[in-house]
Amino acid sequence: MRETTLERRLVREVERIGGLAPKWTSPGNRGVPDRIVILPGGETVYVEMKAPGKPLAPLQEHWKRKLLKLGHRHYKIDSNEDIDRFIDEVRGS
């Protein structure tokens, strides 16, 4: 399965629960997560999409640690099962 296929599914599933999952680019800040997931109720979650089995790059790990330290949730998604778990978790929050 390709990363782009997973990314499209993530966007559809987030929209299905009433949220948004826009692409995030931040000029001058390499390694930021691919998507900002904006959920009903004012919660924002950060998602890094990867091809199945691929690890986070060092700059992506850096951003993950930085966001977690600031109290945000960060997810690495690389499978349909990850998308299902993610939706279950954020729907319950």
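Starting from 1, each residue takes its place in the sequence as its number.
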Requested in this report: Would you give the length of the straight line joining atom CG of Leu67 to atom NE2 of His62, rounded to the nearest 0.5 angstrom?
Outcome: 9.0 Å
Query raised in the report: Under a 4.5 Å side-chain heavy-atom rule over Ile, Leu, Val, Met, Phe, Trp and Tyr, are Leu59 and Ile77 clustered together?
Result: no
Query raised in the report: Are Leu20 and Val14 close enough that some pair of their side-chain heavy atoms sits under 4.5 Å apart?
Result: no
**Report entry** N-O pairing of Arg85 and Asp88 below 4.0 Å
**Finding:** no
Query - Same apolar cluster (I L V M F W Y, side chains within < 4.5 Å links), Trp63/Tyr75 - result: no
Query raised in the report: How far does NZ of Lys66 sit from OH of Tyr46, to the nearest 0.5 angstrom?
Result: 12.0 Å
Query raised in the report: Which pair of heavy atoms, one from His74 and one from Leu68, lies closest together, and at what distance?
Result: N-CD2, 4.0 Å
Query raised in the report: Does the pair Asp82/Arg9 count as a salt bridge with the N-to-O cut at 4.0 Å?
Result: no
Would you tabulate the side-chain donor-acceptor contacts of residues 21-41 under 3.5 Å, counting partners in other chains and residues two or more places apart, or write 'none'?
unit_1, atom_1, unit_2, atom_2, d
Lys23, NZ, Glu7, OE2, 3.1
Ser26, OG, Asn29, ND2, 2.9
Asp34, OD2, Met49, N, 2.8
Arg35, NE, Glu7, OE2, 2.9
Arg35, NH1, Ala21, O, 2.6
Arg35, NH2, Glu7, OE2, 3.4

Query raised in the report: Is the number of heavy atoms from other residues, nucleotides or ligands within 6.0 Å of NZ (Lys64) greater than 12?
Result: no
Report task. Salt-bridge test for Arg16 and Glu13: reply yes if a basic N is under 4.0 Å from a carboxylate O, no otherwise. Result -> yes
Query raised in the report: With no hydrogens and no angle check, is any side-chain donor or acceptor of Asp78 less than 3.5 Å from a backbone partner on Lys50?
Result: no
Query raised in the report: Can you find a pair of side-chain heavy atoms, one from Arg73 and one from Val90, that are under 4.5 Å apart?
Result: yes
